[in-house]
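One structure is given here, and the rest of the page talks about it.
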Amino acid sequence: MGEDKPKFGGFIQEIMDQDKATGKYGGRVHTRFPPEPNGYLHIGHAKAICIDFGLAEANGGLCNLRFDDTNPSKEEVEYVESIKEDIRWLGFDWGDRLFFASDYFDRLYEYAVELIKRGKAYVCDLTADEIREYRGTLTEPGRNSPYRDRSVEENLDLFRRMKEGEFADGARVLRAKIDMASPNIVMRDPVLYRILRVPHHRTGDTWCIYPTYDYAHPLSDAIEGITHSLCTLEFEEHRPFYDWLLDTLEIPEPPQQIEFARLNLTYTLTSKRKLRKLVDEGYVRGWDDPRMPTLSGLRRRGYTPESIRELCARIGVAKANSVVDLGLLEHCLREDLNKRALRYMAVLRPLKVVIANYPEGQVEEFETENNPEDPSAGTRTVHFSRVIYIERDDFMEDPPKKFFRLAPGREVRLKSAYYITCQDVVKDPATGEIVELHCTYDPLSRGGATPDGRRVKGTIHFVSASHAVRAEVRLYDNLFLTEDPNEGDDFLKNLNPNSLEVLTDCLVEPALSTAKVGDRFQFLRHGYFCADPDSTPGRPVFNRIVSLRDTWQKLMDKD
RNA sequence: UGGGGCGUAGCCAAGCGGCAAGGCACGGGACUUUGGAUCCUGGAUGCGCAGGUUCGAAUCCUGCCGCCCCAGCCA
């Protein structure tokens, strides 16, 4: 095997290498991605997906998709489809291995009976409050439940009757019998089953008792023949119980749980609860609002799955809590889009320009490259005529020293067309607002260069007034103003009031009027844009995915 | 005053006793019909701190400090 290849999985890959070397699990690697169907997947899940599926693939193994649906009171079917769609979109495939923890309810029940028979589980009649009291605290040991020493027969009988619905919700639970004095609170007789009369999205009302995560997860892994059960750091203290369960039940070739640090990004929220609040209270337009860190939001915004996977590859896998710079994701995005996005000219804030010495009614066509990074992308024609529009920002009446765009008396190049020189500035006499520029063009500069070879520092984009199509463009900024959205006492106070700016009078090249939803482009000198589902025939709507790097803006920000 | 985990550059992260990879960000420069892209180039005498072992320590030992997680019949 290529021992000098950069390893993607960090310390987890090392464990897998070792396991393969020692013949553990017969050299197999089999992972699983276990989402709970109670919400939408977000960028944080993308890391887990890349690790679970990616490591299986890298080791010639398989990865199952398993919905962890052990709590019917907070789970719904509607999430199952969106989760599947998001994983597929990211580029991963679970083949025919789509499972649900609820598929195993019968077997899980049988294992529980076995646990009771081995004297390792008991039915407890304490209320939830009492269980909490008996559990003790971080610094004090817990006390044994008075029901802890019931006979195997009584436990068997009670547990069967729990299943058959003889008791009220919450009246009794099944608990593991481990050690109420353990310094690890998870080991203080954790609850295995609770009574819950809630219809389950898959099993209906077949069951009124449901297993907890702690109990169902290790066994589900074992049932599926999982070898490496990868999860996030907060489950680390559950590992002793994971091992205890499989050991007590004498499961052969028990899977092993390995924990890694979850992904955090600056300016980004990854709390399901808080994201839900943003949606429910209307701070965003929905789970797929292009400002949301959900995979559906990122998809609508225009992010490529490749860029997200590249991010995950670059951040590595480790156990240290970390916050990755959002800039790295944006870098991965630009790197990807730069290679593939076709270029177009789009004027977001139009300023009318009349070329005074250009013949009225004349139209010329110029060839221009679709993507200078990729000659095979070919060329297209752009139109030029007497009246054009340029970006308002590309003209300054009183420009600073280093501004090399258009200004009174200055010459610039119109991309792929002509050099023009500004002769006159027309203002609205009432407001003083610049409404129009009068320029002259140099006929010898056709195509963007002159025989005398004179240097023109600035090149700006434009559209021909009579050819351009009107479009709506939505500019997005970070949803939060603070690097850490959780900073302070209320994350809502950190919301960026200007996270969305809608521009309704943009003018774009005519070809863009037929853009298909999801198509991505580079608008020259602006950034990358994606056609939004809100587009209508003849009236396209574009989302700005990410701007181009802007060293000019950076220079301005310094002053 | 319990247990578990983690601390290498602004942010990630390699390193596994032999003289601190790489990426992002940042700074310089070249080139450029996108102030984009691309290409050069710069940064830890130092690896949380303090001791110790060793010819040699980010790597081993001891002590300390800091941060994160755990007291759901959530996952």
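Owing to the predicted nature of the structure, the values given are computational and were not obtained by experimental measurement. Within every chain, numbering begins at 1; the chains are lettered A, B, ... in the order of the sequence lines, protein sequences first and strands thereafter. Hydrogens, waters and symmetry mates play no part in the numbers below; they use all other heavy atoms, side chains included.
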Touch class at under 4.0 angstrom, heavy-atom based, for A/Q522 against every strand present: base
Face-to-face contact A/Y213 to B/A75 six-ring, under 5.5 Å, under 30°: no
Sugar-phosphate, base or nothing in reach of A/T137, heavy atoms under 4.0 Å: base
Residue A/V323, side-chain heavy atoms: nucleotide from B/A75, B/G36, B/C12 that is nearest: B/C12
Touch class at under 4.0 angstrom, heavy-atom based, for A/T212 against every strand present: sugar-phosphate
Residues in side-chain hydrogen bond (donor to acceptor under 3.5 Å, both in side chains) contact with A/Y104, at least two apart in sequence or another chain: A/E224
A/E364 side chain to A/Y418 side chain, donor-acceptor N/O pair below 3.5 angstrom: yes
Sugar-phosphate only, base, or nothing, as touched by A/F403 at under 4.0 Å among non-hydrogen atoms: base
Distance below 4.0 Å between A/R132 side-chain N/O and B/G72 OP1 or OP2: yes
Sugar-phosphate, base or nothing in reach of A/E14, heavy atoms under 4.0 Å: base
A/F491 and A/F480 aromatic ring geometry - parallel, tilted or perpendicular at 30°/60° bounds: tilted
Proximal nucleotide (of B/G23, B/G10, B/A71) relative to the A/D325 side chain: B/G10
What does the list of N/O pairs under 3.5 Å between the protein and nucleotides 26-32 of chain B look like, with a distance for each?
unit_1, atom_1, unit_2, atom_2, d
B/C26, OP1, A/K554, NZ, 3.1

Residue whose closest nucleotide on RNA chain B lies nearer the 5' end, A/L524 versus A/G136: A/L524
All side-chain contact (heavy atoms from CB on, under 4.5 Å) counterparts of A/K272, not counting sequence neighbours: A/N38, A/H45
Pairwise 5' ranking along RNA chain B for A/L555 and A/D68, keeping only the more 5' one: A/L555
Pair partner, B/C47 [Watson-Crick or wobble, under 3.5 Å]: none
Sugar-phosphate only, base, or nothing, as touched by A/V456 at under 4.0 Å among non-hydrogen atoms: nothing
Qualifying salt bridge (Lys or Arg N to Asp or Glu O under 4.0 Å) pairs, either residue in residues 130-147 of chain A, two or more places apart: A/D129-A/R132
Set of residues satisfying salt bridge (charged side-chain N to carboxylate O under 4.0 Å, His left out) with respect to A/K415, sequence neighbours excluded: A/E369
Sugar-phosphate, base or nothing in reach of A/I131, heavy atoms under 4.0 Å: base
Sugar-phosphate only, base, or nothing, as touched by A/V317 at under 4.0 Å among non-hydrogen atoms: sugar-phosphate
Sugar-phosphate only, base, or nothing, as touched by A/A449 at under 4.0 Å among non-hydrogen atoms: base
Sugar-phosphate, base or nothing in reach of A/T70, heavy atoms under 4.0 Å: sugar-phosphate
Sugar-phosphate, base or nothing in reach of A/Y210, heavy atoms under 4.0 Å: nothing
Plane angle bin for A/F366 and A/F384 - parallel if under 30°, tilted between 30 and 60°, otherwise perpendicular: perpendicular
Closest to side chain of A/L138, choosing from B/C24, B/G35, B/A71: B/A71
Sugar-phosphate, base or nothing in reach of A/Y193, heavy atoms under 4.0 Å: nothing
I'd like a table of atom pairs between the protein and nucleotides 3-5 of chain B - only N or O on both sides, under 3.5 Å - with the distance next to each one.
unit_1, atom_1, unit_2, atom_2, d
B/G3, N2, A/E237, OE1, 2.9

Short side-chain N/O contact from A/R188 to OP1 or OP2 of B/A71, under 4.0 Å: no
Sugar-phosphate only, base, or nothing, as touched by A/R405 at under 4.0 Å among non-hydrogen atoms: base
Sugar-phosphate, base or nothing in reach of A/S416, heavy atoms under 4.0 Å: base
Presence of A/H331 side-chain N/O under 4.0 Å of B/C24 phosphate oxygens OP1/OP2: yes
Selection from B/C69, B/C6, B/C70 that lies nearest to any side-chain heavy atom of A/A320: B/C6
